[in-house]
Amino acid sequence: MDASYKPEHIEQNAREYWEKERVFEVDENPDKDKFYCLTMFPYPSGQLHMGHVRVLTISDVIARYQRMQGKHVLQPMGWDAFGMPAENAAIERGVPPAKWTYKNIDYMRGQLKRLGYGYDWTRELTTCRPEYYRWEQWLFTKMFEKGLVYRKNSVVNWDPVDQTVLANEQVIDGRGWRSNALVERREIPQWFMRITAYADELLDELDHLDGWPESVKTMQRNWIGRSEGIELAFDVKGEDVPLTVFTTRPDTLLGVTYMAVAAEHPLAQKTAADKPDIAAFIEECKRTQAAEAMLETMEKKGMPLGIFAIHPISGEEIPLWVANFVLMSYGTGAVMAVPGHDARDWEFADKHGLPITQVITPADGSSIDITKGPYVDYGIVVNSGELDGLDYDQALDAIAKRFENEGRGRRTVNYRLRDWGVSRQRYWGAPIPIIYCDDCDAVPVPEDQLPVVLPEDVEFTGVGSPLKQMPEFYEADCPKCGKAARRETDTFDTFVESSWYFSRYACPDSNDAMLDERERYWMPVDQYTGGIEHAILHLLYARFFQKVMRDFGLSAADEPFTNLLTQGMVLKDGAKMSKAKGNTVDPQELIEKYGADTVRLFMMSTAPPEMSLEWSDDGVQGAFRFLKRLWKSVYEHVSAGDAVAVEPKSLDDKQRALRRKTHQTIQKVSDDIGRRYKFNTAVAAAMELLNAIKRFDDSSGAGRSVVQEALDAIVLVLSPVIPHVCHELWHALGHESAAVNEGWPVLDESALAQDAVEIIVQVNGKLRSRILVAADADSDSISAQALADENVKRFVGDKTVRKTIVVPGRLVNVVV
RNA sequence: GCCCGGGUGGCGGAAUUGGUAGACGCUACGGACUUAAAAUCCGUUUUGCGAAAGCAAGUGCGAGUUCGAGUCUCGCCCCGGGCACCA
């Protein structure tokens with residue numbers, strides 16, 4: 001054994017062993033207990049960043065730990081290879097997106113190998129390959145047949161100068177990032193997947209996802225936003241078609257003092273034809289971004305249309321406004337406003353001098369002043385004629401019955417969740433397999449003509465998609481009638497690829513089907529790990545796809561991910577590390593300087609996985625120092641010769657104390673890694689044990705035996721975190737086997753036993769003393785011993801002891 | 001604006017079920033070794049008072065529940081994530 005720690009050499013040895021022995025390549029063995037451990041696959045942006053290293057290390061620690069528990073572990077890796085950065089690189093550097101992407105993948109694959117992750121590389125996936133995306137094109141055509149996809153108009157950010165659709169990210173302060181032109185909202189036809197058909201199941205199944213964090217489930221529940229209410233029609237004076245609105249608060253119906261419609265609403269459009277000021281306002285409404293956060297925070301503006309609706313109960317005339325905060329794509333494009341009991345309506349009414357009336361009063365009888373602000377809680381109906389005195393449920397019931405009888409409305413369930421728009425007007429994505437025929441309309445590409453291959457050798461200018469300039473791509477025959485037709489040039493949202501890749505890892509080479517019987521062995525994923533930023537969109541789309549695949553008979557699983565761990569972001573200067581912000585730290589430098597184990601150890605010991613991790617260059621040194629100390633301790637131990645096996649009965653007090661520490665450490669690390677996923681405290685516990693070994697000065701045979709046991713334990717419990725050095729140290733400690741194939745160390749309960757324990761004594765809740773009591777002492781003797789303590793006596797003085805609270809093994813609290 | 005997190009020493013964090021606040025690590029400072037530096041080792045490191053024993057204060061702010069609150073409840077402030085075309 002070398003006297004000093006030389007990571008480069010050690011790490012190469014370990015990697016070569018794992019590769020040569022193919023230890024991470026797994027098949028479908030029905031006799032073994034499978035464990036599918038997965039991280040959200042990376043986008044090949046160029047080089048790994050710290051966020052990747054963090055999530056990949058977390059997952060690798062879990063995978064290696066489960067392996068040591070005897071599980072048959074699958075940990076695959078692949079590339080989420082379509083996306084905007086490849087197009088941006090193409091614009092900036094003139095490199096075709098495909099070439100850029102493949103180059104990045106090659107480089108990043110090397111980095112992953114260098115970090116020692118235990119992947120089954122035979123299953124590597126790359127989503128920009130036709131053999132991958134052909135199956136999502138296939139699924140899309142099946143969904144088309146089932147009516148799960150459809151085409152409708154929806155809003156995009158339009159850059160009028162670059163003549164391009166912009167992502168929300170590419171709009172900065174309402175202007176195009178490259179052209180600096182004011183961005184407009186524009187409606188174009190796009191393809192949608194009917195995720196709302198699964199809204200109830202997606203919502204209800206959350207209750208059974210016990211392995212998911214509550215915060216993520218809550219976010220998804222709120223996102224789906226199921227609400228029960230009433231859809232009702234208001235007649236409009238001088239119009240044949242009534243105005244339909246949805247409300248969750250029919251109890252406030254008599255408080256409606258105005259209504260508002262979207263700029264794109266037919267009533268607004270019609271009015272604009274005669275009134276130039278309305279037309280100008282509608283134009284102004286278009287000059288905003290499509291993002292919801294923008295709509296919610298911008299100044300609420302509106303204009304009266306001069307049209308009136310008739311209140312269905314009071315018969316009063318209600319003014320109709322056009323407003324910038326009402327969206328045509330949301331519900332019916334019209335809302336009823338109850339300024340007395342809704343915050344946004346109140347603000348708008350207050351600004352425009354619209355009447356505010358109170359129709360709800362608090363149930364507890366307290367009084368409120370509606371002129372000072374809205375009262376939004378449930379209460380008792382007032383000022384509403386025959387509805388007065390009813391509570392929310394009674395009012396809903398009464399109004400629903402009345403309108404259902406009149407044929408004017410109905411009870412209905414509304415969702416905040418909208419159908420998933422999958423069309424992107426971009427080049428670097430999977431082509432949407434549709435052919436447009438003048439006679440047959442939109443026709444899905446037949447199975448035998450799939451995949452629709454994206455041409456990779458293109459010139460990319462950034463103005464529109466190159467596919468639109470390529471007749472060899474878009475010219476096609478109609479699959480139905482054979483007439484000359486035109487291929488769809490839009491591509492899929494990249495969330496489509498990431499919505500099913502987890503299943504494809506089970507059978508990456510399947511040429512005959514999207515998924516085969518191997519999917520049944522590996523799915524669902526037992527442990528899924530990824531960034532909290534994916535809590536809603538990616539995870540909801542993946543759950544949706546899983547249910548679609550199940551309903552098509554491709555899978556038996558209802559849910560794709562049994563356990564979910566959402567890791568916090570790696571921040572720098574208080575913000576998410578991202579290329580866009582230019583605040584990334586390159587892990588490569590650190591790996592080259594200190595080795596992979598140091599980087600892995602640093603990431604795992606610095607913060608618990610869920611918490612965001614503020615990057616700092618300090619601390620990597622500390623991890624490296626620990627590895628050097630560990631190396632040195634093993635070296636010094638083995639240099640003194642062989643150690644005999646521990647004989648627990650013949651140990652003295654100090655030897656027994658070190659052995660207790662060893663087994664306490666095994667217990668703590670098992671719990672921290674296996675149950676709590678708190679790798680930072682697991683590492684801290686192992687460090688404490690090493691510190692105890694260093695303080696332990698005993699070269700007797702029995703002394704060396706407990707040191708050997710302690711070092712064996714440290715090496716095994718840390719081997720998931722720092723696998724390379726542990727591979728080497730395990731051999732150095734005299735073991736023939738490879739650490740990667742070892743079982744997890746076994747806890748000896750008897751080693752934990754203690755004769756006496758220290759407990760604290762409080763007087764009135766304040767710490768006053770510590771006493772040593774027998775481990776099996778009863779409450780009475782503990783409180784007697786506590787009251788006899790000098791400092792306790794000082795604080796009790798001549799006051800009467802009112803009671804003493806004894807928490808066995810922890811504390812005594814004397815109350816005076 | 002709405003939804004979800006977070007806020008504890010100089011710093012990252014620990015405190016698992018309401019029971020010793022600050023484990024472990026970093027930084028800084030002092031010391032040993034060295035011609036010197038690096039590396040390594042030893043010590044100190046929440047603040048205030050004190051020679052020490054010890055005492056007082058202290059977990060973003062303000063209230064509350066409790067024998068006891070970093071942990072639970074209510075009201076605020078600040079920071080981060082998401083908001084449907086970044087991935």
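Note on naming: letters A, B, ... go to the chains in the order of the sequence lines (proteins, then strands), and numbering restarts at 1 for each one.
For A:W212 and A:Y528, the distance between ring centers is not under 6.0 angstrom.
At a cut-off of 3.5 angstrom, the base of B:rU16 holds at least one donor-acceptor pair with the side chain of A:K668. If you check distances only, the side chain of A:E533 never reaches the base of B:rC86 with a donor-acceptor pair under 3.5 Å. Judged by distance alone, with hydrogens and angles left aside, A:R675 brings a side-chain donor or acceptor within reach of the base of B:rU16, the pair sitting under 3.5 Å.
Base-pairing analysis of RNA chain B finds the following stems of at least three consecutive Watson-Crick or G-U pairs, with both pairing distances under 3.5 Å: B:1-7 with B:77-83, B:10-12 with B:24-26, B:28-32 with B:40-44, B:46-49 with B:54-57, B:60-64 with B:72-76.
In this structure, B:rG70 is classed as anti because its glycosidic torsion departs from zero by more than 90°.
The two residues A:S633 and A:K694 have their closest heavy-atom pair at OG-CG, 4.0 Å.
A:L539 places its CG atom 13 Å from the P atom of B:rC83, with the value rounded to the nearest Å. In this structure, the CG atom of A:L767 is 12 Å from the C1' atom of B:rG54, given to the nearest Å.
Checking A:F545, A:F544, A:Y541, A:W420 one by one against A:Y198, the ring-ring contact (aromatic ring centres under 6.0 Å, His included) holds for a single residue, A:F544.
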* Asked: What string of B, S and - do you get for nucleotides 41-50 of chain B 5' to 3' if you count protein non-hydrogen atoms under 4.0 Å?
  -> S---------
Close N or O pairs between protein and nucleotides 3-9 of chain B (under 3.5 Å):
residue, atom, partner, partner atom, Å
B:rC3, O3', A:N222, ND2, 2.8
B:rC3, O2', A:N222, ND2, 2.8

